[in-house]
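In this text the structure is predicted, and so the values were computed from the model without any measurement.
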Amino acid sequence: MNTGNGSHLSPSQRAWRRFRANRRGYVSLWIFGILFVTSLFAEVLSNDKPLVIYYHQAYYFPLFHAYPETTFGGDFETEADYTDPYVRKLITTGGNWAIFPPNPYSFDTINYFTDHPNPAPPSRANLLGTDDRGRDVLARLIYGFRISVLFAFALTIVGTLIGILAGAVQGYFGGKVDLFAQRLIEIWSSMPELYLLIIFASLFQPSILLLLVLLSLFGWMGLADYVRAEFLRGRNMDYVKAARALGVSNRGIMLRHLLPNSMTPVITFLPFRISGAILALTSLDFLGLGVPPTTPSLGELLSQGKENIEAWWLSVSTFVVLVGTLMLLIFIGEALREAMDARRL
C-alpha cells in the first residue's frame, strides 16, 4: 500500500523528487536546457543565408549547399551574397520567394549597410548593435554561448573522468600508491597554469582543442580529492570485504561497489564545474589566450566592450548572457546538492 511518504521509491527517485521540490533549481534546469538546445540550432536562428529559396519552380537550400550567383540570374560565378540587396531582389521578385532566419546574420557577417560607424548602436537591422568590425552582436552572442557551453561540457567530462580514475586508484589501494600520487598532485598543482597557457599560446596556433587539453591537465585535481576520500572510507566496509573474500577482482569492486556509492560529490559538483569552465574560457578569451580571433566568444566581446567604453551594448549584452548562464548553473548546483543529501525527506 502506498503510504505517501516515498518509502517505496528508489534512492535515485527520491533524489529526483527532492530536486523537483526545489523550484528555483528545477526551473533553472528547464531554462538552461531550453537555451542550450536552442543554441544548437544557431544556424537556423541566425544566419546570413536563407533557409529555403523558391526560384523558378525549384527549391534551393543554401544552408546545405553553396549556389553561385548565376543560379539566381546574377552575374558572378562565385557563391551568392544573400546580404546584397541586388541578390535579394533577384530571389524575391517575379513569384520567387525566400525564407530567412529570424536574425539574418551569421557570427562573421559584416553589415556594410549600417548608417552609423562601427560599433553601431542597436537598431532595427541589428537588434543588439554591431561590434567594432561591423558584425552582429546578437549573432555572436548566440554562437558564443553555444561554443562556451559545449566547451564547458567537454572540459567537465574529461576532467571528471580523470578525477574519478585518479581518486579511485588512490583511495582504493592507499598506502604507498596514495602517498606517491599525493606528492605528484602537490607538485603538479604548484605549476603556474596561467604562465603555461601564455607559453603554449605563443608556441602553437590557438585552438579550442589545444585549450581543452591544457585546461584538462589541471581541472581534475579538486574532484580527485573527493573521490579519493569516498574510496578511502568505503574500502573497509563490510560489503567490500565480503566481495573481496568471494574473489571479486579489484576492478569489479571499484566499478560495481565503491564507485556508485562515491558519485554524490561527482554529481553535486557538475554544474559548478561547468560554470567554472565557462568562466575560464571567457577569461582566457578576454586576455587573448583562448580561441582564435575569428571564433565567436563571450570573452572577446567583453574585451571589445573594454576597448570601446562608449559602446555600452557590447558590455551590457555580454554581461547579461554570461551572468545569467552562471546564475542558472549555480541554482541547479544548489538544488542538486540538496537533492543528493539523503538526510532530507
Side-chain angles (χ1 to χ4, degrees), residues 32 35-36 39-40 42-43 46 106-110 119 128 130-160 162 188-189 191-222 270-309 311 313-330:
F32 180 79
L35 291 176
F36 173 63
S39 70
L40 295 178
E43 287 79 9
S46 183
S106 185
F107 66 89
D108 57 352
T109 305
I110 298 178
L128 295 180
T130 64
D131 64 3
D132 57 5
R133 301 179 188 177
R135 299 171 300 192
D136 185 69
V137 173
L138 177 58
R140 294 188 69 80
L141 284 176
I142 295 173
Y143 285 87
F145 172 80
R146 181 175 68 176
I147 289 178
S148 297
V149 176
L150 289 176
F151 176 85
F153 282 164
L155 183 60
T156 300
I157 292 172
V158 174
T160 299
I162 298 176
W188 187 246
S189 62
M191 298 287 286
E193 182 179 355
L194 181 59
Y195 289 157
L196 290 177
L197 288 171
I198 294 174
I199 293 172
F200 280 104
S202 62
L203 294 177
F204 301 99
Q205 183 71 22
S207 67
I208 294 180
L209 180 59
L210 176 63
L211 203 60
L212 178 63
V213 171
L214 292 177
L215 292 180
S216 297
L217 294 176
F218 297 92
W220 57 271
M221 289 177 284
L270 280 179
F272 299 105
R273 293 181 66 84
I274 294 173
S275 62
I278 293 176
L279 192 58
L281 178 64
T282 304
S283 302
L284 292 173
D285 288 339
F286 179 81
L287 297 174
L289 303 174
V291 296
T294 56
T295 306
S297 164
L298 301 181
E300 189 259 349
L301 280 174
L302 286 177
S303 179
Q304 287 196 36
K306 179 179 72 70
E307 299 296 333
N308 301 274
I309 299 298
W313 54 90
L314 293 173
S315 301
V316 171
S317 58
T318 310
F319 177 81
V320 170
V321 171
L322 181 60
V323 173
T325 302
L326 297 180
M327 287 182 61
L328 291 175
L329 289 170
I330 290 173

Nearest heavy-atom neighbours spanning [X] and [Y]:
X: R146; Y: L40; result: NH1-O, 3.4 Å
X: S39; Y: I142; result: CB-O, 4.4 Å
X: R140; Y: T295; result: NH2-O, 3.4 Å

Could you grab the distance from atom [atom1] of [X] to atom [atom2] of [Y], nearest 0.5 Å is fine?
X: T294; Y: D108; atom1: OG1; atom2: CG; answer: 8.0 Å
X: F151; Y: I274; atom1: CZ; atom2: CD1; answer: 12.5 Å
X: I208; Y: L281; atom1: CD1; atom2: CG; answer: 7.5 Å
X: W313; Y: L138; atom1: CH2; atom2: CG; answer: 15.0 Å
X: L155; Y: T160; atom1: CG; atom2: OG1; answer: 8.5 Å
X: L141; Y: T318; atom1: CG; atom2: OG1; answer: 5.0 Å

key: ring pair (Phe, Tyr, Trp, His ring centres under 6.0 Å) partners for Y143, two or more places apart   =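 Partners of Y143 under the ring pair (Phe, Tyr, Trp, His ring centres under 6.0 Å) test: F107.
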message = Has S46 got a side-chain atom pairing as donor or acceptor with A42's backbone, closer than 3.5 angstrom?
response =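 Judged by distance alone, no pair lies under 3.5 Å.
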ask   = Donor-acceptor pair, S207 side chain versus L210 backbone, under 3.5 Å?
value =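 Yes.
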inquiry  = Any salt bridge linking R133 with E300? Criterion: basic side-chain nitrogen under 4.0 Å from a carboxylate oxygen.
reply    =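 Between E300 and R133 there is no salt bridge, as every charged N stays at least 4.0 Å from the carboxylate O atoms.
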